[in-house]
Amino acid sequence: MTHLSVSATLLSMAPLLLALLIFQWQLGHTRELAIAAVRMVLQLVGIGYLLNALFTSPAPLLGLCVLSVMLLAASWIALRPLQKKSVWRYVAALSSLAIASVLHLVWIIFVVLQPAPWYQPQQIIPLAGMVVANGMNSLSLGAERLEAQIDSNELPKACVSAFKAAMIPQVNSLLAVGLVSLPGMMTGQILAGMAPLEAVRYQILVMSMIAGNASLTLALYFWQVKRNYMKQQSSKQQSSKQQSSKQQSSKQKPSTQQSAHK
């Protein structure tokens with residue numbers, strides 16, 4: 001693989017400057033993209049040093065800490081487009097993403113790949129990053145679409161529409177891979193010298209895992225939203241019943257007092 005120097009890396013960021021100019025032209029500001037670009041560089045440099053330490057002396061606890069940070073950050077980023085943010089929504093997003101991601105990682109690590117030892121960071125952390133990141137994007141699309149449609153549609157219909165919209169990128173990726181695009185993992189493995197057919201097998205693993213994780217994350221999140229909505233509706237009905245019973249009892253008291261006077 002061709003060595004990429006620091007100066008060449010800086011030159012490779014020229015398209016990012018073009019994106020900043022287009023942002024300024026179209027929106028009149030570049031704050032959001034500029035912050036995201038700076039964070040991208042700092043976060044990648046930081047994870048580079050962390051992965052270097054992990055690969056040198058792998059430890060299961062440190063790998064679990066990295067996965068936990070991924071899930072916490074991804075859940076917060078997924079809810080960023082929402083107008084109405086709350087602790088409950090964050091907990092629902094975090095639990096949905098965590099359950100789906102951990103289930104898929106356990107299946108891939110212990111059933112499919114079976115590395116020895118199982119906590120090899122060279123395999124687990126890149127796979128976890130791809131799984132969590134794609135689940136985060138699907139969750140963000142689904143939650144944003146649900147919030148936009150829940151006022152004009154019933155909740156079940158809004159959830160179905162949001163699920164369908166959030167899965168469009170995943171379905172498009174499955175349709176386009178090998179025809180329109182060569183995914184990054186497959187390209188990187190081929191550039192690193194892996195046989196193309198073996199890289200294809202790894203890419204099938206990744207694409208299947210990403211699609212399953214995205215759909216399960218969305219299903220769990222929408223299930224929690226429906227459950228919370230039903231709880232709110234039942235509590236409203238109970239409170240309305242209590243208010244009506246209080247009003248009836250208050251109406252009955254004057255009538256009993258009048259009959260007592262008579």
Side-chain angles (χ1 to χ4, degrees), residues 1-55 62-63 65-85 89-90 93-94 97-98 101 121-122 124-145 147-148 165-166 168-170 172-173 176-177 180-192 203 206-207 210 213-214 217:
M1 184 183 295
T2 303
H3 175 70
L4 190 63
S5 63
V6 175
S7 59
T9 303
L10 294 175
L11 290 174
S12 70
M13 297 177 68
L16 189 57
L17 296 177
L18 176 62
L20 288 169
L21 292 175
I22 295 174
F23 255 65
Q24 181 65 36
W25 173 42
Q26 292 290 331
L27 303 179
H29 64 85
T30 60
R31 182 176 180 274
E32 187 176 10
L33 182 59
I35 292 175
V38 172
R39 281 187 54 178
M40 177 267 295
V41 174
L42 295 177
Q43 288 165 187
L44 284 176
V45 171
I47 195 63
Y49 282 108
L50 180 60
L51 289 177
N52 188 43
L54 278 174
F55 294 169
L62 190 55
C65 290
V66 172
L67 178 59
S68 300
V69 172
M70 286 182 182
L71 291 170
L72 291 170
S75 302
W76 177 75
I77 295 171
L79 299 181
R80 187 181 60 86
L82 299 186
Q83 298 294 327
K84 299 178 182 178
K85 300 180 179 68
R89 290 180 185 272
Y90 179 77
L94 176 60
L97 186 60
S101 300
Q122 290 89 340
I124 293 176
I125 292 178
L127 289 174
M130 286 184 284
V131 169
V132 173
N134 283 273
M136 173 193 70
N137 291 332
S138 298
L139 180 59
S140 185
L141 290 172
E144 192 275 335
R145 178 62 66 92
E147 186 183 52
I168 287 176
Q170 303 300 333
N172 287 347
S173 297
V177 65
V180 180
S181 65
L182 288 179
M185 178 180 179
M186 180 178 171
T187 303
Q189 288 176 324
I190 293 174
L191 290 174
Q203 193 58 48
V206 170
M207 298 294 289
I210 287 173
N213 183 68
T217 300

With sequence neighbours excluded, give me every salt bridge (Lys or Arg N to Asp or Glu O under 4.0 Å) pair touching residues 128-143. none
Side chain to side chain contact (heavy atoms under 4.5 Å, CB included) partners for A128, two or more places apart: L67, M70, L105
What side-chain donor-acceptor pairs closer than 3.5 Å can you find for residues 24-42, not counting sequence neighbours?
unit_1 : atom_1 : unit_2 : atom_2 : d
Q24    : NE2    : G28    : O      : 3.2
E32    : OE2    : R80    : NH1    : 3.0
R39    : NE     : Q43    : OE1    : 2.9
R39    : NH2    : Q43    : OE1    : 3.1

Heavy-atom pair of closest approach, residues Q83 and E147: N-OE1, 2.9 Å
Can you list every pair that meets salt bridge (Lys or Arg N to Asp or Glu O under 4.0 Å) and has a residue in residues 5-20, with sequence neighbours left out? none
Side-chain donor/acceptor pairs under 3.5 Å, residues 132-144, sequence neighbours excluded:
unit_1 : atom_1 : unit_2 : atom_2 : d
N134   : ND2    : M130   : O      : 2.7
N137   : ND2    : A133   : O      : 3.4
S138   : OG     : N134   : O      : 3.2
S138   : OG     : Q170   : NE2    : 3.2
S140   : OG     : A78    : O      : 2.9

Which heavy atom in Y90 sits nearest to a heavy atom in W76, and how many Å separate them? CE1-N, 3.5 Å
Side chains of residues 7-17: which donor-acceptor pairs under 3.5 Å do they make with residues two or more places apart or in other chains?
unit_1 : atom_1 : unit_2 : atom_2 : d
S7     : OG     : S5     : OG     : 3.1
T9     : OG1    : S5     : O      : 2.8
S12    : OG     : T9     : O      : 2.5

What's the shortest heavy-atom distance between A74 and L97, and which atoms? CB-CD2, 3.6 Å
